[in-house]
Protein chains: 2
Amino acid sequence: MLSTHEAGGYHYRYPHPAVAADIAIFTVREGKLMLLLIKRLGSPFAGQWALPGGFLSMDEDLDSCARRELLEETGVDKAFLEHFGNFSAPDRDPRERVISVAYLALIGFDKLSPKAGSDAAEVGWFELSNLPALAFDHAKIIQAALKSLQSRVNDPAMLLHLVHERFTLSQLQQVYEIICSNAVDKRNFRARLLETGLIVETEEMERGAHRPARLYKRAGD
Amino acid sequence: MLSTHEAGGYHYRYPHPAVAADIAIFTVREGKLMLLLIKRLGSPFAGQWALPGGFLSMDEDLDSCARRELLEETGVDKAFLEHFGNFSAPDRDPRERVISVAYLALIGFDKLSPKAGSDAAEVGWFELSNLPALAFDHAKIIQAALKSLQSRVNDPAMLLHLVHERFTLSQLQQVYEIICSNAVDKRNFRARLLETGLIVETEEMERGAHRPARLYKRAGD
DNA sequence: CCAAAAGTGTTACTCGTACACCCATGT
DNA sequence: ACATGGGTGTACGAGTAACACTTTTGG
């Protein structure tokens, strides 16, 4: 049962799957729900797009692995990050047996460092409604990620991860409506949010083409 | 990256964890929430109690693995079975790195075959309020399982897996109250359940020491 | 002065909760 | 007859959903 490290390899009495954390990283930009994908360089599925992710190291748990991958791809270390499912069909990776532990991540588009990550692979944001062909079973994983996201849309703490540091209530409502894709009443939305106590108003205003909107921030600054 | 099968072992370029499905199998008997545990024969933790579970085979996915383990331990193949979390601390198993994919299972106590499973290990049902010392991090897994169970107590479809084929509304309510450990109003409980349409009344009555109670069954017979 | 988004309260309805008495059976 | 659990309806309150007009700025 124990592994031995000999001749640059690892040896086990019984077959072991590889275990990877894959992350569906969402953000909202210009009124669209966007997903981060990376372009695969090697085979299989070379040239196709896939979810960022990576194999579990022996000295970290799965949450740490996901957080590490998120940091590498986006430069963000403080973000909403949550497990939502495992994907384990025996043939989902043609190379070897790989168990994918899938995470949902949410970040505000402003928090991304411009040179996102140092991974050599090409990185791109895609509108969720216009995804390219995807490697492996990642299309299925994304569907499940979206479902998980939508099921939590009423959690204001989650929504707050998708807006900028300072935000207007309309922006927050827009994010809400993009996720669940139906409109809600402005007054009800605002009242519900303010009485959670999770956000506080600032003295700043956003200047736009029309009447300025008050900016809010998270209660914990 | 590929594995090779040579001299009775499996060889990988990078270290791989073992992956196991562990199952918290709950039932209700005599007004108590019970959990199935097995007594470990070998080391580590020999003689201590643990959750049933087993390693993932290369030809099955995780759900199938959990269902197989459930069948082996209880003789039940049609039961509520649902993933609720992964446990992946690097040192949770002293032998080697093991990722535990944890499942919640619910079965009616009547559906258990008497000679539950063919596994040689000793099997026992324990009151949740009176568990023995547990191997590995299984105490933590059980806490998480219970939390998951309680969070879904309002799903009538789930509750129905914990009662017999034919059941009285009082029995169902008792199960509800045991899980969330607080009392609810009889009339409200019954009304809510009946209007889901998930259960239908039968012509049978349960005869007891007092007024007979109507027996119900699942809507899909 | 016009267009565009910001901001603000009240009413109706739905759903959940609280509550008390009579009934059927076994002993 | 009595003890025990089975069975039933209504009223109130909380929370959710519907609804319209005024304000502020830029062009």
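Sequence lines set the chain letters: A, B, ... in the order given, protein chains first and strands last, and positions in each chain run from 1.
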Please, which pairs that meet side-chain hydrogen bond (donor to acceptor under 3.5 Å, both in side chains) have at least one residue in residues 128-142 of chain B, sequence neighbours excluded?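 Only B:Arg92-B:Asp137, B:Glu127-B:Ser129 qualify under side-chain hydrogen bond (donor to acceptor under 3.5 Å, both in side chains).
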Which nucleotide span of DNA chain D, 5' end to 3' end, has atoms closer than 4.0 Å to non-hydrogen atoms of chain B?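 Going 5' to 3' along DNA chain D, contacts run D:dA3 to D:dG9.
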What pairs of donor and acceptor atoms, side-chain ones from residues 19-36 of chain A against any protein atom, are under 3.5 angstrom apart with sequence neighbours left out?
residue, atom, partner, partner atom, Å
A:Asp22, OD2, A:Ser100, OG, 2.7
A:Thr27, OG1, A:Ile107, O, 2.6
A:Thr27, OG1, A:Phe109, N, 3.2

I'd like to check the salt bridge (charged side-chain N to carboxylate O under 4.0 Å, His left out) partners of B:Glu177; sequence neighbours left out, ordered by chain and number.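 Expected list: none.
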Only counting residues at least two apart or in another chain, list the ones meeting salt bridge (charged side-chain N to carboxylate O under 4.0 Å, His left out) with A:Asp185.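 Once residues adjacent in sequence are excluded, the partners of A:Asp185 under the salt bridge (charged side-chain N to carboxylate O under 4.0 Å, His left out) criterion are A:Arg187.
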Within residues 195-215 of chain A, which residues have any heavy atom lying less than 4.0 Å from an atom of DNA chain C?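 DNA chain C contact set from residues 195-215 of chain A: A:His210, A:Arg211, A:Pro212, A:Ala213, A:Arg214.
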Residue-level proximity of residues 151-186 of chain B to DNA chain C when a heavy atom falls under 4.0 Å: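 Those residues whose heavy atoms fall under 4.0 Å from DNA chain C, taken from residues 151-186 of chain B in numerical order, are B:Asp185.
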Helix axis bend for the helix from C:dC1-D:dG27 to C:dT27-D:dA1 - C1'-based end axes, five pairs, 10° rounding: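 Rounded value for the end-axis angle: 0°.
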4.5 Å side-chain heavy-atom contact, B:Leu159 and B:Ile179: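 Yes, side chains in contact.
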A:Ile178 side chain near A:Tyr176 side chain, heavy-atom distance below 4.5 Å: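 Sidechains of A:Tyr176 and A:Ile178: no contact.
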Check step by step if side chain to side chain contact (heavy atoms under 4.5 Å, CB included) holds for A:Gln48 and A:Lys39. CA-CA 6 Å; A:Gln48 288 201 50; A:Lys39 194 171 205 168; over 6 Å; no
Kindly say whether B:Asn86 contributes a backbone atom to a donor-acceptor pair with the side chain of A:His83 at under 3.5 angstrom?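 Not confirmed, A:His83 side chain does not pair with B:Asn86 backbone.
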Residue met sooner reading DNA chain C from 5', once B:Arg187 and A:Tyr216 are mapped to nucleotides: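 It is A:Tyr216, whose closest nucleotide lies nearer the 5' terminus.
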Pairs satisfying salt bridge (Lys or Arg N to Asp or Glu O under 4.0 Å), at least one member in residues 157-168 of chain A, at least two apart: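 Every pair satisfying salt bridge (Lys or Arg N to Asp or Glu O under 4.0 Å) with a residue in residues 157-168 of chain A: A:Arg166-A:Glu204, A:Arg166-A:Asp221.
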Provide the full list of salt bridge (Lys or Arg N to Asp or Glu O under 4.0 Å) pairs with a residue in residues 77-91 of chain A, sequence neighbours left out, each pair given once.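 Counting only pairs at least two positions apart or across chains, the salt bridge (Lys or Arg N to Asp or Glu O under 4.0 Å) contacts touching residues 77-91 of chain A are A:Glu82-A:Arg152.
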Summary of ring-ring contact (aromatic ring centres under 6.0 Å, His included) pairs that have at least one residue in residues 140-164 of chain B, sequence neighbours excluded: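 For residues 140-164 of chain B: B:Phe80-B:His161.
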Evaluate the criterion side chain to side chain contact (heavy atoms under 4.5 Å, CB included) for residue pair A:Thr168 and A:Val163; output intermediate values, then yes/no. CA-CA 9 Å; A:Thr168 68; A:Val163 291; over 6 Å; no
Do A:Phe45 and A:Phe136 have their ring centres less than 6.0 Å from each other?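 Between A:Phe136 and A:Phe45, which both carry aromatic rings, the centre distance is below 6.0 Å.
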Side chain to side chain contact (heavy atoms under 4.5 Å, CB included) between B:Glu60 and A:Ser88: does it pass, once the steps are laid out? CA-CA 8 Å; B:Glu60 65 186 359; A:Ser88 60; over 6 Å; no
Pair A:Phe84, A:Ile141 - check side chain to side chain contact (heavy atoms under 4.5 Å, CB included), show working. CA-CA 10 Å; A:Phe84 71 88; A:Ile141 297 178; 3.9 Å; yes
So where does chain A start and stop touching DNA chain C, 5' to 3', when the test is distance under 4.0 Å to a non-hydrogen atom?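 Endpoints of the contacted stretch of DNA chain C: C:dA3 to C:dG9.
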